[in-house]
There are 2 protein chains.
Amino acid sequence: MALTHAILTALLEEDLTGYELAKQFDVSLGFFWTASHQQIYQTLKRLYAEELVTAREVSQTGKPDKRVYSLTDSGRRSLDAWVLSETKKRKVTDELFAKLYTVGHSSTAAVIDAVIQRQHDHREKLALYRKIESRNYAAPLKLPDQRKGVYLALLAGIRQEEASLLWCEDALSLLVSVSRVG
Amino acid sequence: MALTHAILTALLEEDLTGYELAKQFDVSLGFFWTASHQQIYQTLKRLYAEELVTAREVSQTGKPDKRVYSLTDSGRRSLDAWVLSETKKRKVTDELFAKLYTVGHSSTAAVIDAVIQRQHDHREKLALYRKIESRNYAAPLKLPDQRKGVYLALLAGIRQEEASLLWCEDALSLLVSVSRVG
DNA sequence: CGGTACATGTAATCTGTTACATGATTCA
DNA sequence: TGAATCATGTAACAGATTACATGTACCG
């Protein structure tokens with residue numbers, strides 16, 4: 001039950017709606033956590049039932065009403081307990097690498113296309129992360145403590161995207177040496 | 001249904017038992033795919049029912065009997081179709097980064113411990129990958145085509161582990177600047 | 001008139017995790 | 001004698017995905 005805690009940590013800083021959470025999981029949180037809006041709404045519903053969050057309805061003009069969630073004391077305690085618990089290993093599933101295992105047996109062209117697509121994605125993510133970094137995290141040591149962890153998560157994202165981009169170049173240059181198969 | 005294809009790609013190269021597959025998912029495949037032995041046995045059972053793999057029982061002396069799986073033609077076609085299909089985005093869940101979001105609100109000591117633990121893990125993985133690289137993939141361009149993709153997957157693992165290790169150092173030096181909280 | 005952003009959800013299904021279950025061999 | 005490795009599985013439950021469902025506002 002770890003999406004629970006990913007949501008609760010996001011609510012530590014500010015109150016959010018399901019929609020806003022989904023957007024955050026799509027961008028800044030995206031490189032270390034992915035979740036669809038359906039999953040988020042379902043989890044928020046459960047969190048509300050368990051009284052780890054509260055919700056208030058906010059009417060808006062020119063936009064649909066929204067439901068803003070905030071942490072409760074109980075949610076806060078649950079988070080604290082989770083931080084002290086053992087950290088689970090990173091879980092990854094990436095089809096791209098599984099497809100690489102088929103090189104020489106199946107269509108290499110398809111794999112090359114997949115790498116190029118991935119290269120575009122990494123470039124976009126990196127540009128986004130760097131923009132966020134230069135706007136909000138230019139002087140890490142001077143950040144207030146509550147922002148330091150968020151900065152480090154961002155930095156990890158930047159490093160991962162950079163490493164992935166370098167890899168994409170190496171991958172493409174090696175893949176063109178593969179005779180067409182499949 | 002992507003574990004399906006991750007298993008099928010592993011069977012492209014050689015026939016394997018569920019146990020061997022589980023080990024591979026734990027080590028060399030581990031950085032881009034994780035799966036427990038329970039999940040693997042369940043999936044193999046389904047794959048067998050769908051005739052994407054066949055199995056033969058092998059008796060051993062001094063060891064339990066084992067069940068060795070191989071790809072069928074139908075499994076092979078399923079793989080080919082999958083390679084041509086759109087590549088899904090990488091899916092990640094990593095509690096460590098979620099925990100970073102709690103810095104300044106909760107126990108920083110616990111987060112530091114988690115980073116140190118992760119640093120050990122990355123060092124071990126990197127050492128393993130480098131050993132595999134120097135033993136089997138010293139001259140990438142001279143590899144047979146079927147090994148090039150596998151090498152690239154390994155290289156991605158090496159790059160990721162290196163980037164992660166650099167990050168761990170930066171993270172630890174910034175985290176010690178956080179006043180003790182929680 | 002069409003697309004995008006805002007905003008929230010349910011139902012059915014599929015996938016993955018946790019707990020349970022067994023049993024031989026080898027090494028210290 | 002106890003731990004590790006080999007080897008395979010089931011059952012119950014939790015978590016995630018896919019398909020379906022609705023509706024407004026704003027921009028071009």
Side-chain angles (χ1 to χ4, degrees), chain A residues 1-8 15-27 29-30 33-50 52-53 55-69 82 85-86 88-95 98, chain B residues 1-8 15-27 29-30 33-50 53 55-69 82 85-95 98:
Chain A
M1 243 194 299
L3 175 57
T4 299
H5 296 106
I7 288 175
L8 295 180
D15 296 350
L16 293 165
T17 66
Y19 188 84
E20 289 164 340
L21 274 165
K23 265 200 308 183
Q24 280 203 235
F25 277 101
D26 211 43
V27 288
L29 297 166
W33 210 284
T34 46
S36 62
H37 81 268
Q38 292 93 332
Q39 207 186 333
I40 287 163
Y41 284 119
Q42 281 169 13
T43 305
L44 280 172
K45 197 179 168 184
R46 182 171 52 74
L47 257 33
Y48 182 79
E50 292 173 0
L52 299 175
V53 299
R56 57 176 200 282
E57 306 283 342
V58 176
S59 335
Q60 302 182 110
T61 49
K63 287 180 186 176
D65 293 354
K66 61 183 185 180
R67 204 174 150 80
V68 182
Y69 290 90
W82 168 75
S85 72
E86 212 192 335
K88 283 184 190 153
K89 285 191 178 151
R90 166 188 67 141
K91 239 154 256 150
V92 192
T93 55
D94 192 341
E95 288 195 352
Chain B
M1 240 193 300
L3 174 57
T4 299
H5 297 108
I7 288 175
L8 295 179
D15 296 351
L16 292 167
T17 66
Y19 188 81
E20 289 164 340
L21 274 165
K23 266 200 307 185
Q24 279 202 234
F25 277 102
D26 212 42
V27 288
L29 297 165
W33 210 285
T34 46
S36 62
H37 82 269
Q38 292 93 332
Q39 208 186 334
I40 288 164
Y41 284 120
Q42 280 168 15
T43 305
L44 281 172
K45 197 179 169 185
R46 180 171 54 74
L47 256 32
Y48 183 79
E50 291 172 3
V53 299
R56 57 177 202 282
E57 305 283 341
V58 175
S59 335
Q60 302 183 110
T61 49
K63 285 180 187 177
D65 292 356
K66 60 184 184 179
R67 203 174 151 78
V68 182
Y69 290 91
W82 168 74
S85 72
E86 213 192 333
T87 307
K88 282 185 190 153
K89 286 193 178 150
R90 167 187 65 138
K91 239 154 256 152
V92 193
T93 55
D94 191 342
E95 288 195 351

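To find a chain, count down the sequence lines: A is the first, B the second, and so on, and within it residues start at 1. Fair warning: this is a prediction, and the values are worked out from it, not measured in the lab.
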Neighbour count above 12 (heavy atom, 6.0 Å) for B:E86 CD:
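No, the 6.0 Å shell around CD holds no more than 12 heavy atoms from other groups.
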Need to verify one output field. Residue with the more 5' nearest nucleotide on DNA chain C, A:Q42 or A:D65?
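Closest to the 5' end, via its nearest nucleotide, is A:D65.
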Is [X] near enough to [N] that one of its side-chain N or O atoms lies under 4.0 angstrom from OP1 or OP2?
X     : N      : value
B:T43 : C:dT15 : no
A:K88 : C:dT17 : no
A:Y19 : C:dT8  : no
A:Q38 : D:dT17 : no
A:Q39 : D:dG15 : no
A:K23 : C:dA7  : no

Any carboxylate oxygen within less than 4.0 angstrom of a Lys/Arg side-chain nitrogen, looking at A:D94 and B:K88?
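Between B:K88 and A:D94 there is no salt bridge, as every charged N stays at least 4.0 Å from the carboxylate O atoms.
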[options]: which one has an atom nearest the side-chain heavy atoms of [X]?
X     : options               : result
B:K91 : D:dT17, D:dA7, D:dG15 : D:dT17
A:Y41 : C:dC6, C:dG9, D:dT18  : C:dG9
B:Y69 : D:dG9, D:dT8, C:dC6   : D:dG9
B:R67 : C:dT15, D:dG9, D:dA16 : D:dG9
A:K66 : C:dT17, C:dT8, C:dC6  : C:dT8

Would you find a donor on one side and an acceptor on the other, under 3.5 Å apart, between the side chain of A:E20 and the backbone of A:T17?
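Confirmed, A:E20 side chain pairs with A:T17 backbone.
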Within 45° of the ring axis of A:Y48 and under 6.0 Å from its six-membered ring centre, is that where the NZ or CZ of A:R67 lies?
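Satisfied, under 6.0 Å and within 45°.
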